[in-house]
Amino acid sequence: DRKALIANTITSYDLDVVGMQEIATQGMFDDLVTLLPAYGHTNSGTTVDGCTISKNPIFYAKSRLKLIDQGCFLVSPKSYLGLTVDGDGSLKREGTWGLFKDMISEEYFYVFNVHLEGNIMEANEYGASNVINNARSINQDNQPLFITGDFNSASVSANSAYTQFKNAGYQDCLELTPPDLRYNSSYNSYHGFNAPKLNGKQIDKIYCSPQSRLNLKEYRVITDQTLSDHFPVVIETGIDYDNWYPSSNLLRINKFDLG
């Protein structure tokens, strides 16, 4: 049972935050909620501007974190550039966000969880810009902010998602992690149920805002289970609140594409 394997991976890695993409049905979401009783989640069935939070939810460890606020937004709307939407509605990409309070440090941080278009690069690039603009609008207090997601592109061209995030000041957590603390990062994060490739192309990423001031202890691509057509990505990090990040303040943050 793939759902049981997913839940077991989340609990065995003791994850604090899990950004999930492409939950296909409400039934799958409900099953994961049942299998993960120690985790809260952004609300299922909540619709904002045509998007549903349960499609790309954020799960979080209730023993560590409190969800303070939440919402969702369209990353690449159906009508973008007047393009014809595929039969599966693939141009309608969505994002979910949550504001969390860490009950150890009593500090706050945001997580944005997104899924960008993968077939039409104009829509992918528009989506990246839209995520950046929404994060800027919502994070008015400049709290530490993480963006987890399937960015559907490894391009570093001038208008790529990667370049837009870098130009907006965001940092790729893979690049921030010391090389000796990167595990399996040479594997492509997308494998499509084929033999994994080792050229290190990562379309699944975790970005952080400049004010996050991270002390990254680990970056890991989880390759020991085939849970979907993507490998999950995990970071373990401290957040520097006034130069304080003891070991008890380390967070384990994950992005998990279930497509």
Side-chain angles (χ1 to χ4, degrees), residues 13 15-21 42 56 58-61 64-65 67-70 75 95-102 104-105 107-116 127-151 153-154 156 160-179 181-183 185 189 202-222 232-247 249-257:
Y13 277 89
L15 301 176
D16 296 303
V17 179
V18 183
M20 298 187 186
Q21 299 88 43
T42 48
N56 297 294
I58 302 167
F59 280 67
Y60 62 94
R64 173 74 186 267
L65 302 173
L67 180 63
I68 303 300
D69 198 4
Q70 64 180 302
V75 172
T96 302
W97 62 269
L99 172 64
F100 296 92
K101 180 179 181 179
D102 182 344
I104 292 177
S105 67
E107 300 285 355
Y108 297 84
F109 65 93
Y110 282 93
V111 176
F112 277 60
N113 181 46
V114 302
H115 183 206
L116 270 59
S129 175
N130 203 17
V131 171
I132 291 166
N133 289 337
N134 273 276
R136 184 182 298 118
S137 174
I138 292 165
N139 186 17
Q140 294 285 327
D141 296 330
N142 288 325
Q143 300 288 356
L145 186 150
F146 298 90
I147 303 176
T148 63
D150 175 1
F151 294 89
S153 173
V156 294
S160 67
Y162 173 86
T163 302
Q164 288 190 59
F165 282 109
K166 296 287 279 189
N167 288 344
Y170 287 91
Q171 302 172 84
D172 183 339
C173 288
L174 172 60
E175 296 174 357
L176 283 180
T177 305
L181 299 177
R182 303 173 188 173
Y183 301 95
S185 61
S189 60
Q202 307 292 346
I203 67 171
D204 303 282
K205 288 183 175 291
I206 301 174
Y207 289 99
C208 63
S209 58
Q211 62 269 26
S212 297
R213 302 185 305 278
L214 300 188
N215 179 32
L216 276 147
K217 296 293 188 181
E218 178 183 313
Y219 185 101
R220 182 179 297 272
V221 180
I222 299 176
V233 174
V234 178
I235 62 168
E236 183 173 46
T237 186
I239 303 176
D240 179 6
Y241 296 105
D242 297 325
N243 297 313
W244 180 76
Y245 39 75
S247 59
N249 191 37
L250 293 178
L251 285 163
R252 293 184 65 80
I253 299 174
N254 162 265
K255 69 80 50 203
F256 221 130
D257 192 300

Show, in sequence, the C-alpha distance, side-chain angles and deciding distance for Val17 and Phe109, and conclude whether the side-chain contact (heavy atoms from CB on, under 4.5 Å) test is met. CA-CA 11 Å; Val17 179; Phe109 65 93; 4.3 Å; yes
Tell me the closest heavy-atom pair linking Gln202 and Ser189, and the distance in Å. OE1-CB, 3.1 Å
Show the nearest heavy-atom pair for residues Gln21 and Val114, with the distance to one decimal. CG-O, 3.5 Å
Could you check whether any side-chain heavy atom of Gln143 comes within less than 4.5 Å of a side-chain heavy atom of Tyr108, counting everything from C-beta outward? yes
What are the two closest non-hydrogen atoms of Leu216 and Leu181, and how far apart are they? O-CD1, 3.9 Å
So, taking the atom named CG in Asn142 and the one named CZ in Arg136, what distance separates them when rounded to the nearest 0.5 Å? 10.5 Å
Using a strict cut-off of less than 4.0 Å between a Lys/Arg side-chain nitrogen and an Asp/Glu carboxylate oxygen, indicate whether Glu236 and Arg252 qualify as a salt bridge. yes
Hey, does the side chain of Thr177 reach the backbone of Cys173 with a donor-acceptor pair shorter than 3.5 angstrom? yes
Once rounded to the nearest 0.5 Å, what's the spacing between atom OG of Ser209 and atom OH of Tyr110? 11.0 Å
So, do Asn254 and Thr148 sit near enough that their side-chain heavy atoms are less than 4.5 Å apart? no
How far does CG of Leu174 sit from CD1 of Ile206, to the nearest 0.5 angstrom? 10.0 Å
Please test Tyr162 against Phe151 for ring pair (Phe, Tyr, Trp, His ring centres under 6.0 Å), starting from the C-alpha separation and ending with a verdict. CA-CA 9 Å; Tyr162 173 86; Phe151 294 89; over 10 Å; no
Is any side-chain heavy atom of Ile235 less than 4.5 Å from a side-chain heavy atom of Glu218? no
To the nearest 0.5 Å, how far apart are CD1 in Ile203 and OG in Ser153? 8.5 Å
Can you list the residues that meet the salt bridge (Lys or Arg N to Asp or Glu O under 4.0 Å) rule with Asp172, with sequence neighbours excluded? Lys205
Do the side chains of Val131 and Trp97 get nearer than 4.5 Å, heavy atoms only? no
On the six-membered ring of Tyr183, is Arg220 placed so that its NZ or CZ lies under 6.0 angstrom from the centre and within 45° of the ring axis? yes
Could you tell me whether the side chain of Thr163 reaches within less than 4.5 Å of the side chain of Lys166, counting heavy atoms only? no
Do the side chain of Asn134 and the main chain of Asn130 share a donor and acceptor less than 3.5 angstrom apart? yes
Would you check, one step at a time, whether the test side-chain contact (heavy atoms from CB on, under 4.5 Å) holds for Ile222 with Val234? CA-CA 8 Å; Ile222 299 176; Val234 178; 3.5 Å; yes
Salt bridge check, Arg182 against Glu175: does any charged N sit closer than 4.0 Å to a carboxylate O? no
Please examine the side chains of Leu176 and Cys208, heavy atoms only from C-beta on, and report whether any two atoms are closer than 4.5 Å. yes
CG-CZ distance between Asp16 and Phe59, expressed to the nearest 0.5 angstrom: 15.0 Å
Over all atoms of both residues, closest heavy-atom pair of Ile58 and Gly98: CD1-N, 3.8 Å
Carefully, step by step, assess Ile104 and Arg64 under the rule side-chain contact (heavy atoms from CB on, under 4.5 Å). CA-CA 7 Å; Ile104 292 177; Arg64 173 74 186 267; 3.3 Å; yes
Nearest non-hydrogen partners of Asn56 and Thr96, listed with the distance: O-OG1, 2.8 Å
Would you name the heavy atoms of Asp204 and Tyr219 that are closest together and state the gap between them? O-OH, 4.0 Å
Using the benzene-type ring in the case of Trp, are the ring centres of Tyr207 and Phe112 under 6.0 Å apart? no
Keeping the roles fixed (side chain from Gln140, backbone from Ser137), state whether a donor-acceptor pair exists under 3.5 Å. yes
Determine whether Ser129 and Ile132 make a side-chain contact, defined as any pair of heavy atoms from C-beta on separated by less than 4.5 Å. no
Hey, could you give me the CG/OG1 distance between Leu214 and Thr237, rounded to the nearest 0.5 Å? 4.0 Å
Would you check if Leu15 and Ile253 make a side-chain contact, meaning some heavy-atom pair closer than 4.5 Å? no
